[in-house]
Structure formats: structure tokens, C-alpha cells
Visitor: 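So that we are looking at the same thing, I have put the structure below in C-alpha cells.
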There are 2 protein chains.
Amino acid sequence: MSTLTAGRQIAADCCAPLMGEGLSPEEAGATAALFKALSDPTRVRIVNLLAGSPEPVCLCDINSGFELSQPTLSHHLKKLVAAGLLTREQRGTWAFYSINEEALRRLSDVVGQREIAS
Amino acid sequence: MSTLTAGRQIAADCCAPLMGEGLSPEEAGATAALFKALSDPTRVRIVNLLAGSPEPVCLCDINSGFELSQPTLSHHLKKLVAAGLLTREQRGTWAFYSINEEALRRLSDVVGQREIAS
DNA sequence: CCACTACATCGACGAACATCTATGTAGGAG
DNA sequence: CTCCTACATAGATGTTCGTCGATGTAGTGG
């Protein structure tokens, strides 16, 4: 037990210290929140549905593609809007949702931190 | 009894039916599972740490960068390995973890479904 | 063989989540 | 004003999750 009992030095006993560069704990939290918004199959399908539509889609049309209750869909949509992935627009009685392109770009930026050159 | 069960017809009353193309429920589940693995700040930091290291890193070094107990870190690493994002390698007494580049590429592929053509 | 080290697994506990039914709200039609 | 429709919110419930301390396991060294 040469020099130590201070975790950091024990580490140096098996490999390099590295670490330090990279994102802050706060940024990690923000990134995790973004991923958490997409951590449910239903929400992935919603985003995929809206990403494939050139125009906003109303909740009733989204709902007709899922076998879930209307409040449940409303719940998921609220989460996606809160995460910044979707935009909500009221048209008369209906609520229309669409993809937030910039949020998708942010996501792509987070993921592609190693191999994108643009 | 509920008037809500007739959803499909109500939908056609406000906008187009669209939907249909896109990913299947199973694929949505797989994609959501991938995102779920990254839906925790600690796991995001782990992936970031390993993505910034050219060589595998042992758990002791990962652990020294976090204020969490060793079993908790081990738990997160197991989840990341199960998701295919990390690779585990045993070297003597130590367990070394590294990024699975192909998994990152898969993730990037899922996210960049709309704008990679630029 | 024994002690130590590095890591994994177990069991528990509180917080967060997905889903439902029931109810509230607001716009359009008569 | 009144009824119906589209959607949101509230409350309840069973499940999953993150975290911990305690314990098990396997490799290292004397």
C-alpha cells in the first residue's frame, strides 16, 4: 500500500487519469433530459410520425394511430413540447403539433460529436 | 358507451389521415431503449468520458470522477453495456470499458434521419 | 493458505413514470 | 344560452428507476 487511500492515486495504479475535458454536469443533465424525452416507444413513434409529415398534425390524427387513451397521448405530447422537440399550435378547437427542426439539429449535434465534419 | 371510441372518423373531420410510413412499433421500442440508456446524466457523462478517451478506461478511474458509490457506477455501466453502447474488457483484476463506435453510429443514424443529405 | 483489492450482485427504499378514468375548459353550431 | 366536440388537467395505481449499504466473487501477492 504505497502511497494512497485517496481514491485518485489508487486510480493511477491501474491506468491513466485523463477525464476533465468534456461536458459539465449541468450539460449532461440537459442532454439526458433530451434523451429521456425520447426514451419511450410511444414518443419515438410520435416524433417519427411528425418528422414524416410536411405539415402540423392534430392530436386526433395522432391519436388514431395509437391504441392509447387521449389523455395519455396528450401527456406524451406535453412532454415532447416541454423538451423542445415539438411545437404546439392552436387552430380553433384543434391542437396541431409539429417537429421543431432546431431541436432535431441539436440532438444530432449531441450525438454526432465524434464524426460529423460540418 | 363512450363516444370517444369512434376516434378514426372524428379524425377525418379535421385533417388528413397520413401516417403509416415510418418505423414499426418494434423498431420504436428498440430506438426508445437506446435513448433510455442515455436518459440519465451519469450515463451521459460516462459515455462522454469514454468517447473522449482513445483507450479503454477502468472502473476505478471512472469512479474517481463521480461522487457516486461504486455499486451505482457498476450498475450504470452494466446498463450501457446491455444497450450495446459500451464494451467491457477484463484485464487482470480490473474491468476496462470503452465506447462501441458502431453503436454511436447507429444512434447518429437514428437521429439524423432528416438532414444528413446536406 | 490467507489477506487484500477491484468489481459485481443483492435487497431495500423513495422518487419518477406510464397509464387509466373522471372531470374541467374552451371553441363552434344551433 | 345550450349542447357537442377537441383537448387538457387531476387523481389514482402499478411499475420501473437510481441510489445505497451489505455481501459475494475472482484475481494478486506474500
Side-chain angles (χ1 to χ4, degrees), chain A residues 1-15 25 28-29 32-33 35-46 56-64 66-83 86 88-97, chain B residues 1-15 25 28-29 32-33 35-46 56-64 66-83 86 88-97:
Chain A
M1 55 187 83
S2 10
T3 57
L4 42 75
T5 36
R8 203 86 181 98
Q9 282 180 308
I10 295 179
D13 217 21
C14 68
C15 43
F35 284 132
K36 179 177 288 185
L38 291 168
S39 67
D40 182 273
T42 298
R43 290 197 289 269
V44 168
R45 289 177 62 197
I46 292 174
V57 183
C58 75
L59 191 149
C60 61
D61 259 348
I62 299 175
N63 208 349
S64 69
F66 297 81
E67 295 191 354
L68 294 171
S69 70
Q70 171 264 316
T72 299
L73 257 295
S74 214
H75 164 73
H76 286 306
L77 287 165
K78 187 176 183 178
K79 286 211 164 191
L80 289 170
V81 169
L86 299 189
R88 197 188 104 104
E89 178 192 354
Q90 187 93 23
R91 290 189 199 171
T93 312
W94 302 288
F96 281 73
Y97 292 88
Chain B
M1 40 165 63
S2 169
T3 55
L4 284 175
T5 47
R8 202 80 183 101
Q9 282 179 314
I10 296 177
D13 216 23
C14 68
C15 41
F35 284 132
K36 180 177 287 185
L38 291 169
S39 67
D40 182 273
T42 298
R43 290 197 289 271
V44 168
R45 288 177 63 195
I46 292 175
V57 183
C58 75
L59 192 149
C60 62
D61 258 348
I62 300 174
N63 209 349
S64 68
F66 296 81
E67 295 191 353
L68 294 170
S69 70
Q70 172 264 317
T72 298
L73 258 295
S74 214
H75 164 73
H76 286 307
L77 287 165
K78 186 176 184 180
K79 285 209 163 190
L80 288 169
V81 169
L86 299 188
R88 197 189 105 105
E89 179 192 353
Q90 187 93 23
R91 289 190 200 170
T93 312
W94 303 288
F96 281 72
Y97 291 89

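Residue numbers begin at 1 in each chain, while the letters A, B, ... track the order of the sequences.
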Visitor: Hey, what do you get for CZ (R43(B)) to NZ (K36(B)), rounding to the nearest 0.5 Å?
Guide: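 R43(B) CZ to K36(B) NZ: 9.5 Å, rounded to 0.5 Å.
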
Visitor: For the atom pair CD1 (I46(A)) and CG (L59(A)), what is the distance rounded to the nearest 0.5 Å?
Guide: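 The CD1 atom of I46(A) sits 8.5 Å away from the CG atom of L59(A).
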
Visitor: Which value, rounded to the nearest 0.5 Å, describes the distance between K79(A) atom NZ and L38(A) atom CG?
Guide: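 Answer for the NZ-CG pair, K79(A) versus L38(A), is 12.0 Å.
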
Visitor: How is R88(B) classified with respect to the nucleic acid when contacts are heavy atoms under 4.0 Å: base, sugar-phosphate, or nothing?
Guide: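 Sugar-phosphate contact only.
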
Visitor: Pick base, sugar-phosphate or nothing for R43(A), based on heavy-atom distances below 4.0 Å to the nucleic acid.
Guide: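 Contact class for R43(A): sugar-phosphate only.
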
Visitor: Starting from P on dC17(C), measure out to CG on L80(A) and report it in whole angstrom.
Guide: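 Distance, rounded to whole Å: 13 Å.
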
Visitor: Side-chain N or O of K78(B) less than 4.0 angstrom from OP1 or OP2 on dC7(C)?
Guide: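 Answer is no, no contact under 4.0 Å.
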
Visitor: How many whole angstroms separate atom CH2 of W94(A) from atom P of dC4(D)?
Guide: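 It is 18 Å, rounded to the nearest whole Å.
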
Visitor: To the nearest angstrom, how far is L77(B) atom CG from dA6(C) atom P?
Guide: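 Atom-to-atom, L77(B) to dA6(C), this comes out as 16 Å.
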
Visitor: Tell me if the CD atom of Q90(A) is crowded by more than 12 foreign heavy atoms within 6.0 Å.
Guide: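 Yes, CD of Q90(A) has more than 12 neighbouring heavy atoms, counting only those of other groups under 6.0 Å.
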
Visitor: Considering just the side-chain nitrogens and oxygens of K36(B), establish if one lies under 4.0 Å of OP1 or OP2 belonging to dC17(D).
Guide: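 Answer is yes, contact under 4.0 Å.
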
Visitor: Can you see if the side chain of Y97(A) gets near the phosphate of dA8(D) - specifically, an N or O under 4.0 Å from OP1 or OP2?
Guide: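 Yes, such a contact exists.
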
Visitor: Of the non-hydrogen atoms in R91(A) and P56(A), which two are nearest, and what is the gap between them?
Guide: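 Where R91(A) meets P56(A) most closely, the heavy atoms are NH2-CG, 3.6 Å.
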
Visitor: Find the distance L38(A):CG to dC17(C):C1' and express it as a whole number of Å.
Guide: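 After rounding, the reported distance stands at 16 Å.
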
Visitor: Name the nucleic acid region contacted by H76(B), choosing base, sugar-phosphate or nothing; use a 4.0 angstrom heavy-atom cut-off, strictly under.
Guide: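 H76(B): backbone/sugar contact only, no base atoms under 4.0 Å.
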
Visitor: Within this structure, what is the CG-to-P distance between L59(B) and dT5(C), rounded to whole angstrom?
Guide: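 From L59(B) CG to dT5(C) P: 16 Å.
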
Visitor: dA6(C) C1' sits how many Å from Q90(B) CD, rounded?
Guide: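 Taking CD of Q90(B) and C1' of dA6(C), I get 9 Å after rounding.
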
Visitor: From the options dC17(C), dT19(C), dT9(C), select the nucleotide whose nearest atom is closest to the side chain of H75(A).
Guide: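 Of dC17(C), dT19(C), dT9(C), dT19(C) is nearest to the side chain of H75(A).
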
Visitor: Could you check how far CG of N63(B) sits from P of dC7(C), rounded to whole Å?
Guide: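 These atoms are roughly 8 Å apart.
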
Visitor: What is the separation between atom CG on D40(A) and atom P on dC17(D), rounded to the nearest whole Å?
Guide: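 Checked: the CG to P distance equals 11 Å.
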
Visitor: So which protein nitrogen or oxygen atoms get under 3.5 Å of nucleotides 20-22 of chain C's nitrogens or oxygens?
Guide:
residue, atom, partner, partner atom, Å
dC20(C), OP2, S69(A), N, 3.1
dC20(C), OP2, S69(A), OG, 3.0
dC20(C), OP2, T72(A), OG1, 2.7

Visitor: When rounded to the nearest 0.5 angstrom, what distance separates CD in Q70(B) from CG in L73(B)?
Guide: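 Here the rounded value is 8.0 Å.
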
Visitor: Got a sec, which residues hit ring-ring contact (aromatic ring centres under 6.0 Å, His included) with Y97(B), two or more places apart in sequence or on another chain?
Guide: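 ring-ring contact (aromatic ring centres under 6.0 Å, His included) check on Y97(B) returns nothing, list empty.
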
Visitor: On DNA chain C, nearest-nucleotide positions of G92(A) versus T42(A): which is more 5'?
Guide: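 The 5'-side residue here is T42(A).
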
Visitor: Which of these nucleotides, dG18(D), dT19(C), dT28(D), is closest to any side-chain atom of T93(B)?
Guide: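 Nearest to the side chain of T93(B) among the choices is dT28(D).
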
